There are 4 protein chains.
Amino acid sequence: MFFKQIESEGLAHYSYVIGDSGEAVVIDPRRDYKVYIREAHKAGFRIKYILETHRNEDYVIGSVGLAEHTGAEIFHADAGMDYRYEKAVEDGREFRVGGLKIKAIATPGHTPGSFSYLLHDHKGRPWIVFTGDCLFAGDVGRVDLPGVEIIEQMANAQYESIFEKLLSLDDEIIVCPGHGAGSVCGSEIAQKVFTTIGLERKYNPKLQLTNREDFVAKVGVEHERPPYFRKMEELNLKEFSPQDVFPTPPPLMPGKFEALMKEGAQVLDVRNEQAYASAHVPGSVSIWSGILSSFAGWFLSYDRPLLLVADSESPTEIIAQLYRIGFDNISGVLNKGMLSWHMSGRDSRSIDTVNVQSLCDLLDSGEELLILDIRPEDEIESNGRIPDAVNIHITQLPERIDEVPRNTRVFVFCGSGMRSMIGASILANAGYDKLTVVLGGLSGWKSGTCEIEL
Amino acid sequence: MFFKQIESEGLAHYSYVIGDSGEAVVIDPRRDYKVYIREAHKAGFRIKYILETHRNEDYVIGSVGLAEHTGAEIFHADAGMDYRYEKAVEDGREFRVGGLKIKAIATPGHTPGSFSYLLHDHKGRPWIVFTGDCLFAGDVGRVDLPGVEIIEQMANAQYESIFEKLLSLDDEIIVCPGHGAGSVCGSEIAQKVFTTIGLERKYNPKLQLTNREDFVAKVGVEHERPPYFRKMEELNLKEFSPQDVFPTPPPLMPGKFEALMKEGAQVLDVRNEQAYASAHVPGSVSIWSGILSSFAGWFLSYDRPLLLVADSESPTEIIAQLYRIGFDNISGVLNKGMLSWHMSGRDSRSIDTVNVQSLCDLLDSGEELLILDIRPEDEIESNGRIPDAVNIHITQLPERIDEVPRNTRVFVFCGSGMRSMIGASILANAGYDKLTVVLGGLSGWKSGTCEIEL
Amino acid sequence: MFFKQIESEGLAHYSYVIGDSGEAVVIDPRRDYKVYIREAHKAGFRIKYILETHRNEDYVIGSVGLAEHTGAEIFHADAGMDYRYEKAVEDGREFRVGGLKIKAIATPGHTPGSFSYLLHDHKGRPWIVFTGDCLFAGDVGRVDLPGVEIIEQMANAQYESIFEKLLSLDDEIIVCPGHGAGSVCGSEIAQKVFTTIGLERKYNPKLQLTNREDFVAKVGVEHERPPYFRKMEELNLKEFSPQDVFPTPPPLMPGKFEALMKEGAQVLDVRNEQAYASAHVPGSVSIWSGILSSFAGWFLSYDRPLLLVADSESPTEIIAQLYRIGFDNISGVLNKGMLSWHMSGRDSRSIDTVNVQSLCDLLDSGEELLILDIRPEDEIESNGRIPDAVNIHITQLPERIDEVPRNTRVFVFCGSGMRSMIGASILANAGYDKLTVVLGGLSGWKSGTCEIEL
Amino acid sequence: MFFKQIESEGLAHYSYVIGDSGEAVVIDPRRDYKVYIREAHKAGFRIKYILETHRNEDYVIGSVGLAEHTGAEIFHADAGMDYRYEKAVEDGREFRVGGLKIKAIATPGHTPGSFSYLLHDHKGRPWIVFTGDCLFAGDVGRVDLPGVEIIEQMANAQYESIFEKLLSLDDEIIVCPGHGAGSVCGSEIAQKVFTTIGLERKYNPKLQLTNREDFVAKVGVEHERPPYFRKMEELNLKEFSPQDVFPTPPPLMPGKFEALMKEGAQVLDVRNEQAYASAHVPGSVSIWSGILSSFAGWFLSYDRPLLLVADSESPTEIIAQLYRIGFDNISGVLNKGMLSWHMSGRDSRSIDTVNVQSLCDLLDSGEELLILDIRPEDEIESNGRIPDAVNIHITQLPERIDEVPRNTRVFVFCGSGMRSMIGASILANAGYDKLTVVLGGLSGWKSGTCEIEL
């Protein structure tokens with residue numbers, strides 16, 4: 001018997017391979033699907049089924065490619081949608097994988113046709129439930145994505161899926177969700193790779209709302225929807241083919257790199273915020289690789305080829321992160337990073353940085369400045385507010401950019417400094433030039449003597 | 001500056017990546033071309049050119065796939081042939097790769113339009129010549145492949161290519177050939193990963209034949225042509241596409257495996273000769289993985305899917321060897337090898353083995369038996385002949401099988417025992433049942449007290 | 001937060017790395033401990049604590065080496081024993097690892113001072129309990145190892161540990177045990193990588209024995225004790241040092257290999273049973289790599305150097321399996337396996353094999369023969385008995401060898417054929433020469449028409 | 001036959017593994033010697049000999065550890081020195097490795113007892129000469145290291161070694177040297193992984209000095225000697241043991257990191273110059289990983305533990321570079337790099353950067369500033385001098401630091417900007433605060449319109 005949870009970092013997405021007696025099933029494969037073949041075959045299993053929990057919206061699913069390579073049978077959820085491939089799973093359907101049994105349980109709410117899958121052991125006893133984006137450790141899946149007009153209906157469905165279906169399972173059943181902490185699919189997901197029905201029943205805050213009205217009122221609300229979700233939703237109904245290959249963009253000398261920029265390519269700098277601060281290609285967007293999956297879909301365009309500035313000429317993991325959310329048109333990577341750029345005598349830009357203590361001192365000095373806090377409102381409320389700061393959530397910065405004054409020195413502020421550099425790069429590309437990023441952000445702020453409103 | 005020789009074991013094929021200042025060239029890439037991208041990008045080079053030395057006949061070249069993935073420009077040789085892709089190289093054409101220069105030198109003979117490539121260093125001085133299948137360490141390329149009717153013409157061309165072109169280079173030039181020892185493209189290739197013009201001028205036996213007539217007489221002869229060469233020649237003119245993916249055949253349980261056999265799949269057992277001897281799937285062909293590249297093209301069909309029996313469920317290196325010579329239709333690998341076959345109660349066959357000393361003793365006892373020596377005649381002549389053995393070269397065994405008596409105990413014999421098991425499996429599949437393979441073969445024979453004719 | 005279960009295959013041993021906020025803990029590290037450093041550091045954690053659940057008896061623990069390399073603090077269990085290193089854990093002691101808490105719970109029974117460790121999440125709530133060899137999925141740890149004279153006392157302790165301590169935890173707590181299915185530390189461990197308190201409470205057969213007397217009667221029994229356990233118990237109290245390096249035995253040519261045999265080295269052949277059957281070095285013991293961890297400690301000596309016959313010159317995984325149970329004196333690996341042995345003209349032995357159907361036919365024919373079933377009695381009872389077979393458990397074969405007649409043809413029989421070859425090699429080395437191994441064993445037997453007593 | 005050149009990047013050191021028929025030899029192994037065992041065993045070779053070309057001074061040789069792990073016999077050169085291990089090679093001694101022969105040739109000059117090794121092929125013909133630090137592609141080994149008082153004597157010895165011994169070999173012999181371009185053991189080594197006797201005879205500038213006096217005058221000069229050479233020379237006579245383990249420093253949270261700083265640890269920041277510029281731990285030395293091997297031995301102390309700031313928590317390749325030159329006392333790596341430092345609210349420093357065009361504009365503006373060119377004099381002469389720059393070679397900066405004015409804005413300048421940041425960090429740690437590093441350095445300078453003296 002074989003069990004493997006495969007995490008796509010950044011997306012905090014969990015997919016699963018379960019194998020027994022020569023057969024395996026994969027649940028919610030990611031786009032770069034070779035990892036499943038490698039794991040299953042190494043352990044001696046033929047992939048028999050691919051099960052989807054729902055029409056995913058935050059990444060490109062790899063079902064079709066995986067099926068074409070392996071001959072596996074795909075069962076997708078969300079039967080009513082316009083799928084171009086394979087069969088839809090039905091409520092109660094059972095799948096045999098070696099001596100194991102998996103039963104499909106309709107758990108709508110996150111999408112109209114979401115499914116959970118209950119794995120039974122060799123003796124036919126329920127053991128693990130794969131809950132997709134219905135139930136997470138510490139949270140439940142958001143219900144606003146199918147459309148604001150049916151949000152209440154979805155919240156009610158989610159209520160029934162959880163209270164009437166999943167919570168009808170016994171406390172000892174293990175829960176393997178579709179996402180871990182850090183996913184945009186749930187804002188309060190706990191840092192737990194797996195949980196149990198009993199743990200969630202007791203401690204999951206949303207599951208304490210046993211009254212339907214309370215639950216619907218709390219869960220049935222709108223959250224931010226990254227613009228790339230639309231693209232994912234569209235792609236995940238289509239029949240991709242395995243031709244759809246993993247990109248291997250070449251290293252490019254500065255001359256070629258610049259020429260492609262002039263032809264319209266967008267430049268993404270994934271180095272950390274300090275390297276970007278010191279010197280970067282004018283016009284480039286900064287999104288550090290550690291937060292790339294969360295923000296690429298907000299600030300990059302699917303319509304223009306991508307050029308990368310990175311710490312390596314073969315940034316495979318970064319390319320994988322982009323590929324998983326549909327950015328597969330990558331023209332190249334700047335050879336030797338900024339070193340070759342500077343050695344070619346090209347122009348570069350920099351952005352000032354300041355550590356929190358120096359900023360506090362500056363505030364005390366009474367110098368005129370503006371702190372632009374680009375954290376979302378709920379994070380500000382939970383973690384602390386900087387007095388006199390202007391708050392614009394980073395995702396709204398492009399459209400609300402005019403609220404930021406051009407003649408004042410702007411200190412961009414977030415939780416740690418990572419997101420601030422995204423904001424600063426957006427402002428810089430819009431012509432702002434009195435920009436400083438606050439290194440350490442709120443975390444540093446709290447360690448010092450600076451004032452804070454809690 | 002970057003230089004890497006990449007060997008495809010089994011084929012004893014050498015391909016090369018040379019890089020400088022952000023640009024790289026690949027010479028004669030193999031079909032599974034990702035290795036070149038990985039090596040070049042890791043070192044910071046964009047692949048700019050792909051150079052072919054000739055229309056290869058012993059493996060599927062990876063130029064088109066590599067070009068599609070990288071944007072590199074392909075230059076093929078053999079301009080007159082019916083190529084479906086890219087440009088033909090011309091004699092004297094120069095390629096710039098960073099600060100290096102590569103000059104094309106027409107060296108026909110192995111094929112009508114073969115080329116060598118002379119690499120010059122940063123100061124423009126000749127440094128390394130890539131000779132493809134024109135000149136090897138210790139041998140020259142065979143000239144019989146373009147057709148027996150033009151063999152003399154090709155031998156003359158080869159003479160001119162070597163004596164008038166390559167040997168006009170200075171002694172100190174390094175020679176990087178297209179094959180090493182073990183290739184079917186030259187029977188006497190020395191065990192040297194690289195050599196020099198001077199070393200070959202002095203010691204290469206064929207290059208001592210400075211008189212044209214002597215050279216043509218010696219070199220202009222027919223050799224065996226593995227049947228798969230025709231397939232390679234045909235494929236290497238075509239425009240493959242990167243869709244042409246590397247196979248990932250699933251592990252199969254015995255029932256499924258047997259069902260595919262009944263539908264017409266051929267079974268290839270790549271375990272070593274001893275494992276096959278002890279027990280194997282009835283009807284399977286034995287070719288040990290260590291000699292797979294040399295013999296698969298003789299005994300497997302391109303028209304039937306392949307099933308594998310191997311020591312692992314994911315025999316990637318074996319699949320690569322098959323893929324490189326066009327066997328990409330692999331339906332599966334027997335799960336857990338013969339263990340699952342036997343545990344399912346299925347029938348199996350075995351073949352007797354004997355070590356050389358026991359065979360010698362048997363011979364002394366006067367028992368009636370036949371030694372079938374399946375080595376080629378030239379190998380027998382060079383290394384020693386077994387008295388009273390019947391000689392049929394393994395490659396001719398299928399068509400000359402009726403020369404082997406059915407009622408005598410047959411001892412199959414070769415240099416070490418590896419090829420003998422191929423022969424025994426062919427005989428067994430043709431209904432022979434008194435078969436014994438001689439373990440250790442001639443090598444063991446010579447270590448003992450058995451009689452031999454030298 | 002980081003959680004990783006690391007399995008040592010063969011031993012079916014599970015060790016664990018748990019990390020949070022820069023700190024990590026390792027539970028029951030194996031001897032080749034670099035894997036923990038690699039995993040922890042890659043994820044950004046310094047290993048702070050090493051926790052042992054008990055003085056292990058089935059493998060060499062890697063605590064001291066890991067501590068010396070990392071500066072981690074070791075807490076061993078079994079305080080009363082003569083430990084030469086570090087501190088003993090105390091009941092109720094709490095360990096902080098980042099924002100997580102781990103609490104030690106004394107759960108004696110398997111050893112007098114066994115411990116379990118209860119991991120609490122960031123909010124201080126119990127989440128996962130690491131139960132070592134106290135509680136497994138589907139079984140409880142054996143209690144006979146501390147000594148037959150205190151077996152009842154230990155069974156009572158185990159009863160209290162389980163019913164009063166572990167089962168006082170809530171159903172929803174996840175259970176991560178020290179072993180999975182296949183370990184000699186529990187005969188009925190289920191094929192589950194993890195379980196929960198609730199699942200065990202409901203389904204674990206031993207946990208249904210809620211009456212103390214019933215439990216003690218059932219659990220307080222003697223099992224086989226592999227002889228190597230004594231060695232492990234002794235080593236696991238000592239202070240090893242990191243000098244204790246992982247072996248890298250060289251490939252050896254047959255002449256050197258044979259010379260070392262003559263100097264007293266023992267030869268272990270880890271190829272599968274079919275390869276061994278066909279030809280092996282005279283005097284070698286056959287233990288296929290897939291069952292090596294289970295049987296090496298029964299049939300190899302710690303006092304003589306080891307020589308290996310394997311399918312590869314660098315059988316790292318096999319060396320790791322031996323190293324983990326203290327066999328670190330490995331002099332070499334036969335170069336090119338049996339091929340070089342035979343090519344050197346050396347003598348070899350073979351053992352006949354038969355598939356089950358042929359054996360059944362033979363039985364029907366009335367030929368005189370003996371089936372030697374080397375499965376343990378409980379396995380025979382559970383799975384089926386072969387009529388007229390003589391039963392000697394493989395582990396008792398050396399001392400009961402005289403019960404096997406020398407002049408009858410002996411068919412060695414087990415579940416699948418793998419263990420049979422161990423038995424056949426032991427008999428062959430004792431001079432038996434009419435030996436045949438039954439391929440497929442009971443599994444094959446059941447698939448056919450052969451008679452069986454259930 | 002097996003041939004592998006293994007490069008230690010940074011040191012541009014080449015070691016070699018040559019194998020044949022089960023036996024292998026390693027020439028000049030590096031300290032982390034496992035790579036040789038892996039390569040040799042994978043290919044089926046037992047390492048029989050370890051040959052040293054001389055008592056190395058630029059890295060710690062791995063002979064003793066490799067010998068202890070493999071049983072190989074070491075032959076060191078420089079017989080007169082105070083070696084604590086194994087045998088000294090003698091002139092003319094022959095070593096058999098399978099069917100190959102290697103002959104030792106005394107080629108003193110770089111050290112008093114340097115040796116070259118001439119590899120003969122299977123037919124006994126000279127093929128490849130391993131020249132250690134006697135002859136490189138494009139240069140000869142320096143002769144000043146044995147002592148300035150015997151420099152002329154060594155230069156004469158080098159003359160004889162090259163002209164009377166190596167050049168007595170034929171042009172076609174391949175030359176495999178001990179270093180490639182970038183090594184401090186020869187300033188003009190060409191970018192060639194291998195060369196030939198003929199190529200060097202014709203083109204090596206030093207080999208054109210056929211007159212002994214000219215050669216001695218040119219070669220017998222003093223070069224810079226990095227201070228760490230003394231340490232290497234001392235270590236390379238000693239008998240290390242395999243206990244001498246590869247460091248695995250843990251990730252450290254800022255608090256622990258800072259505590260170790262206060263106890264006297266030195267901080268090395270190996271991130272690229274831009275990341276360091278933006279923010280770094282006060283007091284840290286900047287040496288970018290790409291030039292670490294060349295400069296660590298100049299600016300780090302062997303007497304204080306090291307702390308690292310890097311882009312990863314497990315910077316294995318960086319640790320290897322340090323380990324190879326004896327820096328094995330590494331206490332830890334800053335967890336999450338500067339991010340965790342800032343999030344803990346700690347103070348950091350930054351250094352201004354400027355691109356070349358902006359600097360040129362500034363120069364035109366007449367602002368008072370000083371360009372500190374830290375390139376060596378010969379590099380300045382070859383590549384171009386910046387008007388009015390003050391030149392202090394980076395290696396002399398610590399002792400000549402008082403020549404740098406404290407009240408002027410100092411622009412640190414080198415070839416590309418990489419070395420400049422080392423200089424700037426040294427100045428910053430000495431209290432200088434008006435520092436700017438010129439990104440792109442001379443390379444960028446030449447691309448623009450800035451003035452230069454050639």
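Please read all numbers here as calculations on a predicted model, not as lab measurements. Letters A, B, ... are given to chains in the order of the sequence lines, protein chains preceding strands, and every chain is numbered from 1. Heavy-atom basis, side chains included; hydrogens, waters and symmetry copies ignored.
- By the neighbour-count criterion of 12 heavy atoms within 6.0 Å, atom CG of D388(A) is sparsely surrounded, having that number or fewer from other residues, nucleotides or ligands.
- The part of T353(A) that comes within reach of chain D is its side chain, from C-beta onward, which places non-hydrogen atoms under 4.5 angstrom from that chain.
- Within residues 267-283 of chain D, the residues having any heavy atom closer than 4.5 Å to a heavy atom of chain A are R271(D), N272(D), E273(D), Q274(D), A275(D), A277(D), S278(D), A279(D), listed by residue number.
- For the side-chain contact (heavy atoms from CB on, under 4.5 Å) test with L439(D), the passing option among H342(A), R346(A), M343(A) is H342(A); the others fail.
- Other residues, nucleotides and ligands place more than 12 heavy atoms under 6.0 Å from the CD atom of E317(A).
- Proximity to chain A is absent for every atom of D352(D), based on heavy atoms less than 4.5 angstrom apart.
- The contact list for residues 409-429 of chain D toward chain A, using heavy atoms and a distance under 4.5 Å, reads S416(D), M418(D) by residue number.
- Atom CD of E9(D) is surrounded by 12 or fewer heavy atoms from other residues, nucleotides or ligands within 6.0 Å.
- Contacts with chain A were tallied for L339(D), D311(D), I351(D), D347(D); L339(D) has the most, counting heavy-atom pairs under 4.5 Å.
- When the candidates S447(A), S358(A), C450(A), G441(A) are compared by the number of heavy-atom contacts under 4.5 Å with chain D, S447(A) comes out ahead.
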